[in-house]
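Taking it in order: structure first as structure tokens, then the write-up.
Here is the naming used below: chain letters follow the sequence lines, and residue numbers restart at 1 for every chain.
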Amino acid sequence: MKFPVRDYDLASTLACGQAFRWQQQQASWTGVIGNRWVRLRSTQNCILAETGEPAEHWDWLTDYLQIEMDLEVVLASFPDDEPMRSAVCACRGLRLLRQEPWECLASFILSSTKQIVQIRQIIALLCERYGESLAVPAGEAAAHGFPSPARLAALNEAELRSCKMGFRAPYLLATAQAIAQNQFDLERLRGMPVAEARIELISLPGVGRKIADCVLLFAYGFQAAFPVDVWVMKALCELYFPRRRPTLPRLQHFTETYFGDNAGYAQQYLFHYMRTRRPVKSNE
DNA sequence: AACCAGGACACAA
DNA sequence: TTGTGTCATGGT
């Protein structure tokens, strides 16, 4: 299947640390969306997609990739300052995906104080061991879906720890159980105001402000959510507060007012910019 | 070989 | 409210 797009940087989008299951081989990317194996390839003006099994429709993919999203409008809404111009220039065409809430939530519970390569490894192990086997084209490596809340809730802490997730295991287990036992409904958050949905997410074990904002932004599409991790913190301090060191609430207020309605998008551009730019030496 | 990584949490002052 | 120690693992 072929989808016309413009200004879509597939590589940056799939590798920028919002999703953790995409693998690059030559010019294409393979991954799993829901319970489908997918291979994506990008040409000048379109994205080519093939699936493990014939697909009857493609809404799940266009929604995930946010093909319809008008990036021009989003970029135009960014503050017109030097840091944002540099960040956009570094990865123009980067999009925010629209991921499935449970996988996104679980993934970011596993993300705390881990490098992206390690997060990918933990999630790969978890899926390989406990995820459903998926149909893949002949000759392709086996693929697995992301294990359901019920599947993980039935495990014990030691089994989770053996996936190398360390102290995050009890958090993931408790959150999986809350969802599997219907004490928490991820779907209910869709219609809520952001602030309210955030409070709900933070009530889950292992979920604080940062992880909640990641899920709000990457799964539910609340584009005002602005996750502040160590990289974004560094970006904000270096680029916007080079002299005085801002207090945390002051910084939070800044992110909520300065970057506009698409603050979350701006945040992802800053994040990617900080992680990929040439390392800055202290004497420059 | 230290230092650090898409943090959250309990507890101190 | 703001600051500190702790948690587990492995990349750089």
Side-chain angles (χ1 to χ4, degrees), chain A residues 12-22 87 90-91 94-97 99 101 103-126 129 156-176 178 184 198-220 222-223 225-239 244-253 255 259 263-282:
Chain A
S12 292
T13 298
L14 299 181
C16 72
Q18 54 178 327
F20 302 100
R21 303 197 61 199
W22 291 98
C91 49
L94 171 67
R95 310 292 179 117
L96 291 183
L97 300 169
Q99 302 180 56
E103 174 170 347
C104 186
L105 171 62
S107 295
F108 278 96
I109 286 176
L110 298 176
S111 77
S112 70
T113 50
K114 276 293 183 192
Q115 299 182 155
I116 290 176
V117 277
Q118 294 179 263
I119 302 168
R120 294 170 56 85
Q121 188 199 356
I122 294 168
I123 293 173
L125 264 176
L126 192 64
R129 291 189 186 172
N156 59 44
E157 188 179 319
E159 290 172 304
L160 288 177
R161 281 183 183 265
S162 73
C163 294
K164 304 180 186 292
M165 63 182 73
F167 62 83
R168 302 156 195 83
Y171 294 148
L172 181 60
L173 183 57
T175 290
F184 193 97
R198 178 183 292 122
I199 290 172
E200 290 294 317
L201 285 170
I202 290 178
S203 76
L204 290 166
V207 182
R209 172 71 190 244
K210 189 270 171 180
I211 290 175
D213 279 345
C214 284
V215 178
L216 292 172
L217 183 62
F218 301 141
Y220 292 97
F222 288 107
Q223 297 199 10
F226 194 106
V228 178
D229 75 321
V230 293
W231 289 97
V232 174
M233 177 67 83
K234 195 187 313 179
L236 293 174
C237 290
E238 278 184 22
L239 303 174
R244 59 194 191 288
R245 193 164 59 88
T247 65
L248 198 62
R250 181 113 183 73
L251 202 67
Q252 202 65 257
H253 180 260
T255 65
F259 292 99
Y265 250 95
Q267 172 276 154
Q268 197 59 22
Y269 274 85
L270 286 173
F271 177 74
H272 192 271
Y273 173 54
M274 291 301 284
R275 289 192 1 103
T276 57
R277 72 175 181 176
R278 178 181 59 91
V280 180
K281 298 197 176 90
S282 56

Please give, in whole Å, the distance from [N] [atom2] to [X] [atom1]?
X	N	atom1	atom2	result
A:Y171	C:dA8	OH	P	11 Å
A:F167	C:dT6	CZ	P	14 Å
A:Q115	C:dT12	CD	P	6 Å

Review point. Which part of the nucleic acid, if any, lies within contact of A:G206, taking any heavy atom under 4.0 Å across all strands shown: a base, the sugar-phosphate backbone alone, or nothing?
Key: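 Sugar-phosphate: the residue A:G206, judged by heavy atoms under 4.0 Å, touches backbone atoms but no base.
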Review point. Of the nucleotides C:dG10, B:dG6, B:dG7, which one has an atom closest to the side chain of A:Q18?
Key: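 Taking heavy atoms from C-beta onward, the closest nucleotide is B:dG6.
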Practice item. Determine: side-chain N/O of A:R161 to OP1/OP2 of C:dA8, distance under 4.0 Å, yes or no. Key: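 Yes, such a contact exists.
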Review point. Would you say a side-chain N or O of A:K114 is under 4.0 Å from OP1 or OP2 of C:dA8?
Key: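 Looking at the OP1 and OP2 atoms of C:dA8, neither is under 4.0 Å from any side-chain N or O of A:K114.
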Point to revise | Pair of N/O donor and acceptor under 3.5 Å linking B:dG6 base with A:Q267 side chain | key: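 Between B:dG6 and A:Q267, which were checked side chain against base, a qualifying N/O pair under 3.5 Å is present.
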Review point. Taking N and O atoms by type only, does the side chain of A:Q118 place a donor or acceptor under 3.5 Å from a partner on the base of B:dG6?
Key: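 Result: no qualifying N/O pair found.
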Review point. Can A:F271 be called stacked on B:dG6 when the rule is centres closer than 5.5 Å and an angle between planes below 30°?
Key: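 Stacking between A:F271 and B:dG6: present.
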Practice item. Establish, yes or no, whether the cationic atom of A:R168 lies under 6.0 Å from the six-membered ring centre of A:Y171 and within 45° of the ring axis. Key: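 Checked: cation-pi criterion not met.
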Practice item. Quote, to the nearest angstrom, the C1' distance that separates B:dC4 from C:dT6. Key: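 Between the two C1' atoms, the distance is 16 Å.
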Check your understanding: How far does the P atom of C:dG5 sit from the matching atom of B:dC3, given to the nearest Å?
Key ->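 It comes out at 15 Å once rounded to the nearest Å.
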Point to revise | Check: A:F271 ring centroid to A:F226 ring centroid under 6.0 Å | key: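 No: the rings miss the under 6.0 Å criterion.
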